[in-house]
Amino acid sequence: MTAVPEALDLARLQFAFTVSFHIVFPAVSIGLASFIAVLEGLWLKTRQQHYLDLCRFWTKAFALCFGMGVVSGVVMAYQFGTNWSGFSSFAGAVTGPLLTYEVMTAFFLEAGFLGIMLFGWNRVSPRAHFAATLCVAIGTLISTFWILASNSWMQTPQGYEIVDGRVVVLSWWEVIFNPSFPYRLAHMTIAAFVVSALVVAGTGAWHLLRGRRDPAVKTMFSMAMWLLLIFAPLQAFVGDLHGLNTREHQPAKLAAIEGLWETKTGGTPLNLFGWPDMEAETTRYALEIPHLGSLILTHSWDGEIRGLKEFPKDERPNVPLVFWSFRIMVGLGLAMIGAALAAVWLRRRGTLFTSRNFARAMLALSPTGFIALLAGWVTTEAGRQPWVVYGVMRTAHAMSPVSAQQVQVSLLILVLAYFLVFGTGVYYLLKTLRGGPVLPGDPSTASGHGHAPHDGHFGTQAAPAMSGLSGRMDTDRAHAT
């Protein structure tokens, strides 16, 4: 059944709202889990106290993000049965098993070792605790693998046939390793590391501006800037490869990203800025650079790129939305690369930790990882419209037989609940980050952090803030993107 446009638009808005809320928490969890594992490994190797202090501090933030990711992921998943039953019926033979694999591998691994990671500081040996932390970090990456496999199949479906109006899998290898999967998996994983690096850098900048120069603050700020220097340029490289893949398999999306309406021979210009007009089928006020579009998108001087006019009007995405979301993502990515290079220059001058202007800049830049992440997902998801499974099933046909009023009520409830619940969670997270790692010589925490204790175990006190949170945590699913 095809839903009326109003109900369809509301259902799409509801899913976009819930997935946008959800994705930011797994992104932080993926990056922080690996960061915490590195910190704990450095502590085991060097026994320097500030590594352990940072490990325990960021574990609190990880626990909060993990818990909010669990809840938001469960709510989002329910919509496949409420608003998108047509899609579940059509493609459930693919998405159902892939999500099951995610639960059986990634989630069981995370849930099985999360308790040791959070509460095992004084109950298991340091090496056993480190092994648990590694398992949680590996679990977040495995989760990313399965979720991106499912979503990538919807972008570039292969390895199936349609029997009696439903998808039947012919090759799981082709389903999982579909053409866009390697690029999208790398792109999302790196994005999670960039998001986390900016959160850590922003937290370090906040405490540097408040006058803290202790080893813990300087270490986390320094490590975050090194991570940004590695992953921000790497993300640009992977994005270029992803663009070549998109040109081959989703040409209408690429044309919308570039605001190209005409297929030009002899070289395609790059539209830096402009305003795509879907009615007039042109990009107004375009600032063009000749041949640069061909050079970037085909790696040749005169490569040809298909314009939007080659596609029927009812198979074109929302061009202004895709055009500008992509530019927001790229623009912020360039700013991140610039910040990482500036940090290298400041290191050479010996002023990385004393430059207040740079600390202010990193504090302002810290939320841009989330903005770039969301802009990237808007580009990806809005760019494949009007298809829910690209070229196979239209979004309108995936809709449940629900009325606009029903979707309005559920959307209103979700908006109110999300801002109340997750607003409180984000407030507590920011409060935790403002507190910072323990100060050197703090008598209230000295006994609980274990300066390489002789009995081979950590200290004698658990982290009370994590205990209060995790005792209530619903560990169902953490990373459904």
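What you see is a predicted model, and the numbers here were worked out from it, not measured in a lab.
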**Message:** Ignoring hydrogens, what is the shortest heavy-atom contact between Ala375 and Ser325? Give both atom names and the distance.
**Reply:** CB-O, 3.4 Å

**Prompt:** For the rings on Phe21 and Phe419, is their centre-to-centre separation under 6.0 Å?
**Reply:** yes

**Asked** If only atom types and distance count, is the side chain of Ser196 paired as donor or acceptor with the main-chain N or O of Val28 below 3.5 Å?
**Response** yes

**Prompt:** So, Glu102 versus Ser143: side-chain donor-acceptor pair below 3.5 Å or not?
**Reply:** yes

**Asked** Taking the side chain from Thr379 and the backbone from Phe326, do they hold a donor-acceptor pair closer than 3.5 Å?
**Response** yes

**Request:** For Asp53 and Gln49, test the side chains for any donor-to-acceptor distance below 3.5 angstrom and give the result as yes or no.
**Result:** yes

**Request:** Supply the atom-to-atom distance Leu433 CG to Thr203 OG1, rounded to the nearest 0.5 angstrom.
**Result:** 4.0 Å

**Item:** Validation row, ring centre Trp275 to ring centre Tyr285 under 6.0 Å
**Value:** no

**Prompt:** Between the side chain of Trp301 and the main-chain N/O of Gly267, is any donor-acceptor distance below 3.5 Å?
**Reply:** no

**Prompt:** Closest heavy-atom contact between Gly303 and Thr268?
**Reply:** O-OG1, 3.6 Å

**Request:** Heavy atoms only: give me the nearest Leu270-Glu258 pair and the separation to one decimal.
**Result:** CD1-OE1, 3.0 Å

**Request:** Return yes when atom CZ of Arg213 has more than 12 non-hydrogen atoms of other residues, nucleotides or ligands closer than 6.0 Å, and no otherwise.
**Result:** yes

**Prompt:** Shortest non-hydrogen contact from Ala186 to Val238?
**Reply:** CB-CG1, 3.9 Å

**Asked** Which pair of non-hydrogen atoms, one from His22 and one from Gly73, has the smallest distance, and what is that distance?
**Response** ND1-N, 3.2 Å

**Asked** For residues Glu304 and Ser294, is any side-chain donor paired with an opposing acceptor at under 3.5 Å?
**Response** no

**Item:** Any donor-acceptor pair under 3.5 Å from Ser366 side chain to Leu363 backbone
**Value:** yes

**Beyond-backbone contact of Glu248 with Pro179, side-chain heavy atoms, under 4.5 angstrom** = no

**Request:** Report the relative orientation of the aromatic rings in Tyr418 and Phe422; use parallel for angles under 30°, tilted for 30 to 60°, perpendicular for over 60°.
**Result:** perpendicular

**Message:** Quick one about Ser222 and Arg347 (side-chain donor to acceptor, distance below 3.5 Å, no hydrogens or angles considered), yes or no?
**Reply:** yes

**Request:** Grab the two heavy atoms, one from Ser29 and one from Phe66, that are nearest each other, plus how far apart they are.
**Result:** OG-N, 3.5 Å

**Ser355 side chain to Thr351 backbone, donor-acceptor under 3.5 Å** = no

**Request:** Could you verify whether a donor N or O on one side chain and an acceptor N or O on the other, from Gln155 and Lys253, lie under 3.5 Å apart?
**Result:** yes

**Request:** Test Thr395 against Trp387 for side-chain hydrogen bond (donor to acceptor under 3.5 Å, both in side chains), laying out the working first.
**Result:** CA-CA 5 Å; Thr395 306; Trp387 307 101; over 6 Å; no

**Message:** In this structure, is the centre-to-centre distance between the rings of Phe25 and Phe62 below 6.0 Å?
**Reply:** no

**Donor-acceptor under 3.5 Å (Arg327 side chain, Phe323 main chain)** = yes

**Request:** Describe, in one word, how the ring planes of Trp58 and Phe35 are oriented to each other, choosing from parallel (under 30°), tilted (30 to 60°) and perpendicular (over 60°).
**Result:** perpendicular

**Prompt:** Are the side chain of Gln385 and the backbone N or O of Pro317 linked by a donor-acceptor pair below 3.5 Å?
**Reply:** no

**Prompt:** Run the side-chain hydrogen bond (donor to acceptor under 3.5 Å, both in side chains) check on His299 and Asp240 step by step: do they pass?
**Reply:** CA-CA 10 Å; His299 290 187; Asp240 177 65; 2.9 Å; yes

